[in-house]
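The structure displayed is predicted, hence computed values, not measured ones.
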Amino acid sequence: MLEPSNNPLYKKLHDTILKDIKNKKYKQSSRLPSENEFSKTHNVNRQTIRKSLQLLKDEGHIYTKKGVGNFITTINIPYSITDKSSYSQKISDLGFTPKTLLLHADIIKANEQIATHLGLHKGAKVIELELLRYADDLPIQVSYHYFDAFIYKKILDNLDFNPFSLYKILEHCYPNLEIKKVSTLFESLTSSKKISQQLNISCNTPILSVQTISKEQNKNFVEYGINYFRGDLCKIKVDLIEDK
């Protein structure tokens with residue numbers, strides 16, 4: 001039963017479920033009881049249940065698999081500055097199922113910011129890719145990737161990889177290319193309406209913005225990336241190379 005308080009009923013139920021999650025009443029990554037089960041257990045209507053679960057979802061404590069149910073969020077994505085492995089490999093190594101959706105692909109004219117980070121002049125043609133990345137059906141990252149459209153034009157002809165993987169596309173198109181991040185900028189932001197909808201979070205929720213610049217083995221620019229992570233699901237890992 002719900003404990004007495006001055007909060008609205010849905011907030012009382014939210015607090016009770018959250019307390020049970022923190023006390024590990026439910027197994028990690030397990031499915032929560034259904035709305036009907038919660039309704040019977042706490043003697044409240046389903047509308048109240050939905051409001052409570054939505055609040056938990058907005059706060060990042062749970063996520064929904066369509067047609068399956070609500071699950072406890074235990075995903076904690078390590079963003080490594082020096083790691084060269086693909087996104088899919090990182091997520092798989094954590095024990096989750098990765099998925100990447102290509103939302104948009106086009107050739108655009110580079111604005112001053114993009115041009116500067118790719119060593120181009122303003123207005124130069126660049127490839128823009130917009131991706132939405134998942135872990136276990138939970139959207140966790142929106143990313144934008146920019147490439148010189150003249151040098152890396154093969155990318156647009158090889159976007160049909162299934163499952164989609166930008167890492168594999170680059171490997172397939174340019175097998176001799178050795179890409180390395182040379183600059184990474186972290187910034188804490190509040191999410192825009194568009195990103196909030198894509199990541200299934202409330203507007204103005206804190207997100208982590210990561211801007212990266214990558215070069216190849218001959219020190220030429222390859223990629224400029226802007227990544228937006230759910231702030232509650234990402235941690236930063238920095239690998240330092242020891243002096244010999």
Side-chain angles (χ1 to χ4, degrees), residues 77 79-81 83-92 97-135 137-187 189 191-201 207-217 220-230 233-234:
I77 308 301
Y79 184 90
S80 177
I81 294 177
D83 191 1
K84 296 182 181 180
S85 62
S86 69
Y87 169 83
S88 296
Q89 187 61 54
K90 290 177 185 177
I91 298 302
S92 295
T97 302
K99 181 174 68 173
T100 300
L101 292 183
L102 174 63
L103 302 180
H104 175 76
D106 203 356
I107 293 179
I108 64 171
K109 291 183 178 180
N111 59 27
E112 187 171 350
Q113 178 181 345
I114 296 171
T116 298
H117 292 315
L118 285 178
L120 302 171
H121 62 270
K122 183 179 179 181
K125 291 183 178 180
V126 296
I127 295 171
E128 178 186 59
L129 303 178
E130 180 184 11
L131 307 179
L132 178 59
R133 303 183 190 275
Y134 293 78
D137 294 327
L138 177 67
I140 59 173
Q141 175 192 355
V142 178
S143 60
Y144 294 83
H145 305 264
Y146 300 94
F147 303 85
D148 185 319
F150 177 74
I151 297 176
Y152 296 102
K153 55 187 177 182
K154 289 183 182 180
I155 291 175
L156 291 178
D157 296 326
N158 291 271
L159 295 175
D160 55 351
F161 269 69
N162 190 16
F164 184 90
S165 170
L166 181 55
Y167 182 89
K168 290 184 178 179
I169 290 172
L170 290 170
E171 192 176 55
H172 170 75
C173 295
Y174 308 97
N176 297 319
L177 193 65
E178 297 178 14
I179 304 175
K180 183 178 181 181
K181 294 172 190 170
V182 296
S183 175
T184 304
L185 174 66
F186 297 93
E187 186 176 7
L189 304 173
S191 62
S192 65
K193 181 178 180 180
K194 178 181 178 181
I195 292 176
S196 296
Q197 291 174 341
Q198 291 172 322
L199 295 180
N200 197 24
I201 56 178
I207 57 174
L208 178 65
S209 168
V210 182
Q211 296 184 45
T212 61
I213 299 173
S214 299
K215 291 185 177 182
E216 38 94 294
Q217 59 267 39
N220 297 310
F221 289 101
V222 175
E223 177 193 12
Y224 170 53
I226 308 175
N227 307 274
Y228 301 103
F229 293 87
R230 286 183 53 155
L233 300 180
C234 183

State, yes or no, whether a side-chain contact exists between [X] and [Y] at a heavy-atom distance under 4.5 Å.
X: Ile151; Y: Asn220; result: no
X: Leu120; Y: Phe150; result: no
X: Leu159; Y: Leu129; result: yes
X: Ile155; Y: Tyr174; result: yes
X: Phe221; Y: Val182; result: no
X: Leu131; Y: Leu102; result: yes

Out of curiosity, [X] [atom1] to [Y] [atom2], how far, rounded to the nearest 0.5 Å?
X: Ile226; Y: Glu187; atom1: CD1; atom2: CD; value: 10.5 Å
X: Asn200; Y: Leu132; atom1: CG; atom2: CG; value: 10.5 Å
X: Gln141; Y: Leu208; atom1: CD; atom2: CG; value: 10.0 Å
X: Thr97; Y: Leu138; atom1: OG1; atom2: CG; value: 12.0 Å
X: Phe164; Y: Leu101; atom1: CZ; atom2: CG; value: 9.5 Å
X: Lys153; Y: Ile107; atom1: NZ; atom2: CD1; value: 10.0 Å

Query raised in the report: Does Gln198 reach the main-chain N or O of Pro139 with its side chain, forming a donor-acceptor pair under 3.5 Å?
Result: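 No.
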
**Report entry** Donor-acceptor pair, side chain of Glu223 and main chain of Ser214, under 3.5 angstrom
**Finding:**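 No; zero donor-acceptor contacts below 3.5 Å.
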
Query - Thr100 and Tyr167: CA distance, side-chain angles, deciding distance, side-chain contact (heavy atoms from CB on, under 4.5 Å) verdict - result: CA-CA 11 Å; Thr100 300; Tyr167 182 89; over 6 Å; no

Requested in this report: State which residues pass salt bridge (Lys or Arg N to Asp or Glu O under 4.0 Å) with Lys194; sequence neighbours excluded, sorted by chain then number.
Outcome: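 Lys194 satisfies salt bridge (Lys or Arg N to Asp or Glu O under 4.0 Å) with Glu130 only.
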
Report task. Step through the shown structure and confirm whether more than 12 heavy atoms of other residues, nucleotides or ligands are within 6.0 Å of CZ on Phe161. Result ->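 More than 12 within 6.0 Å, yes.
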
So which atom in [X] and which in [Y] form the shortest heavy-atom distance, rounded to 0.1 Å?
X: Thr116; Y: Glu112; answer: OG1-O, 2.8 Å
X: Ile127; Y: Tyr152; answer: CD1-O, 3.1 Å
X: Lys154; Y: Asn158; answer: O-ND2, 2.8 Å
X: Asn111; Y: Lys122; answer: C-CG, 4.2 Å
X: His145; Y: Asn227; answer: CE1-OD1, 4.2 Å
X: Val222; Y: Lys215; answer: CG2-C, 3.8 Å

Query raised in the report: Which is it for Ser191 and Leu199 under the side-chain contact (heavy atoms from CB on, under 4.5 Å) test, yes or no, and what are the steps along the way?
Result: CA-CA 9 Å; Ser191 62; Leu199 295 180; over 6 Å; no

Query raised in the report: Should Ile207 and Ile201 be marked as a side-chain contact (heavy atoms from CB on, under 4.5 Å) after you check the CA-CA gap, both sets of side-chain angles, and the distance that decides it?
Result: CA-CA 10 Å; Ile207 57 174; Ile201 56 178; 3.9 Å; yes

Query raised in the report: Does the side chain of Gln113 come under 3.5 Å of the side chain of Tyr224 through a donor N or O and an acceptor N or O?
Result: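 Distance-only check passes for Gln113 and Tyr224.
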
